[in-house]
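Shown next, in structure tokens, is the structure this report addresses.
Quick note on labels: first sequence line is chain A, next is B, and so on, each numbered from 1. Predicted model only: the values in this text are computed from it and were never measured.
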Amino acid sequence: MNTSNEHKEESTRSKNFLEMIIENDIQKGKNEGRVHTRFPPEPNGYLHIGHAKSICLNFGLAEKYNGKCNLRFDDTNPTKEEEEYVNSIMEDVRWLGFDWEDRLFYASDYFDQLYEWAVKLIKDGKAYVDDQSSDVISEQRGVPTRPGVESPYRNRSVEENMDLFHRMKSGEFPNGSHVLRAKIDMASPNMHMRDPVLYRIMHARHHRTGDKWCIYPMYDFAHGQSDYLEGITHSICTLEFEIHRPLYDWFLDNLIETDYRPRQHEFARLNLSYTVMSKRKLLELVNEKYVSGWDDPRMPTISGLRRRGFTPESIRNFADRVGVAKRENVIDVGLLEFSVREHLNKVAPRIFAVLDPLKVILTNYPEDKTEDLVLENNPEDTEGGTRVVPFSRELYIERDDFMEDPPNKFFRLGPGREVRLKGAYIIKCEDFKKDENGNITELYCTYDPETKSGSGVSRKVKGTLHWVSVNHCIDAEIRIYDRLFKNEDPDDGEDGKDFKSNLNPDSLKVVNGKIEPGVKEARPQDKFQFQRLGYFCVDPDSTGDKLVFNRTVTLRDTWNRMNK
RNA sequence: UGACCCGUGGUGUAACGGUAGCACUGCAGAUUUUGGUUCUGCCUGUCAAGGUUCGAAUCCUUGCGGGUCAACCA
């Protein structure tokens, strides 16, 4: 559709630091000039928009440089990981539009090899079994500003270490009684080099290896070697792993002899204003029922965004726009909203929906008449076609579109004022009725038969309103979502209160709306622009009787902004 | 008071010693049967001080500011 445009952008776009590094490596012929990345989630939760950045980066870089990208589950901790998460992660990556082809891997695929490597370190005198508790080990490790002290078990013989490690593996010892540690440097300023734990005892069933193992490798001992085994060239991760890199390299240097080496590179993770991103906090929102689940449309999870009505294209464009660098950043959530609007504007058919109905009676329109008016589905899409919308004497318009005593700048309806009903006629408000509480209940208007849309006869009127016919429209539940947090920085709670004190009490409002009848057959995930209101998406909670819509995002609203 | 990483408009991100650009936001205007879209214009920036250089956002030094690291988590 707009590929030429994308190519143009692509060729003129400046390179990020990872692209520079990769191009440099290719030029130098490093690793035979191959580019092979991986996306390595731990299956202990759902993916969120921050992961989307990483997915787009890893798969995107591979694509750009004619390389490959693997999907690898980092499943070295059986007590936290579940198959449910594996499945949701695969679904989300696919939905975003990426394909790992036949390269689906698990760190657990490599448990045998990792064990062999641990044995090698022991035999080389570079690893030892420590019998101390985690508390003692932690104590001995010291603090970043002071060196640690060496474990009394540090200088056991190779034979003793081999015997102990073997017995750890065969299940002789309870959890926590022994660990295997690398023998590196207890005085290193880098805490990760102070004899890091390689293996711990966990009598736990693993989602893939079952009961085969009761010792499991730590992240650091698994990750770089997994990269190596898969032929990864550029192992891209977030900044907090920067300090792990010397250890990543240490294992490779001490275990392998080939020239090929994966290299770890770090980038700054995505942060979004008005959003929390940590798995822990998202889990808390789910568990404590602040939201309906991981896929609640207010959640920044991929599944939440999908349900909210975001498209994969819009998320990929967003990921592209936020860029990649090493400095901490907070992206304005408005940029995400811009990205969906941009895409939906091109692809979403327009319909009329009235969220807060106010009845209009056209006093000079025949009571039994119905006209089938033909409207454009999408002015941005010449191939979008048309639809038929019934028009009759009694209509609903948006309550906001009438003011009893409107200011000059108000281009909508008021006593004696004229507006166009989009795709229909110009009408004039002659009178209105109120109930005993002063609420306006009905508007009495006249229509001008000369001004039918498309007739060529048209006076200039300032406002154009959307509408539905009272006797033809259908009811729909509309869920109006707003940002989940009141504060730009949700963690900035008053007097030490946590992020939950910043929850926006108005993040969800449910209303009963009236929509044009043609969309009766809409299916979950169908997306529309409710004209003049915003983009909406059919929710899976819809039933045959009643459609449920989620508001994805409002339209840009200069009127609303003027009044702030 | 250790090691490592990072400081470019309001927010992001470019400029590989040679005109500080792009996107989002904001503001102003044009077009518009969506106060949408589109188009045009404008506002706003190199953390500071020294040094190297014909020339520094870029290199060096110092300072200041921010981040990361002390799970048998990843």
Given the C1' atoms of B:C22 and B:U8, what is the spacing between them in whole Å?
13 Å
Side-chain N,O (A:R561) to OP1/OP2 (B:G26) below 4.0 Å
yes
Taking the six-membered ring of A:F352 as reference, does the NZ or CZ atom of A:K422 fall below 6.0 Å from its centre and within a 45° cone about the axis?
no
Using purine N1 to pyrimidine N3 plus N6-O4 or O6-N4 for Watson-Crick, or N1-O2 and O6-N3 for G-U wobble, each under 3.5 Å, what pairs with B:U46?
none
Between A:Y128 and A:R156, is there a cation-pi geometry (under 6.0 Å to ring centre, at most 45° from the normal)?
no
With respect to the phosphate group of B:U68, does any side-chain polar atom (N or O) of A:R327 fall under 4.0 Å of OP1 or OP2?
no
Students often get this wrong, so: under 4.0 angstrom with heavy atoms, is A:R412 touching a base, only sugar-phosphate, or nothing?
base
Distance test, side-chain N/O of A:R200 to OP1/OP2 of B:C73, below 4.0 Å:
yes
Identity of whatever pairs with B:G12 - Watson-Crick or G-U, under 3.5 angstrom:
B:C22
Do the side-chain N or O atoms of A:T76 get closer than 4.0 angstrom to the phosphate oxygens (OP1, OP2) of B:A74?
yes
For A:G45, which contact category applies under a 4.0 Å heavy-atom criterion: base, sugar-phosphate, or nothing?
nothing
Any side-chain N or O of A:R350 below 4.0 angstrom from OP1/OP2 of B:U37?
no
Can you tell me if the side-chain N/O atoms of A:T558 get under 4.0 Å from OP1 or OP2 in B:G36?
yes
Distance, P atom - from B:A57 to B:C16, rounded to whole angstrom:
12 Å
Could you please name the partner base of B:G65, counting Watson-Crick and G-U wobble pairs only when both distances are under 3.5 Å?
B:C6
So A:E342, base contact, sugar-phosphate only, or nothing? Heavy-atom distance under 4.0 Å.
nothing
Distance test, side-chain N/O of A:T145 to OP1/OP2 of B:A3, below 4.0 Å
no
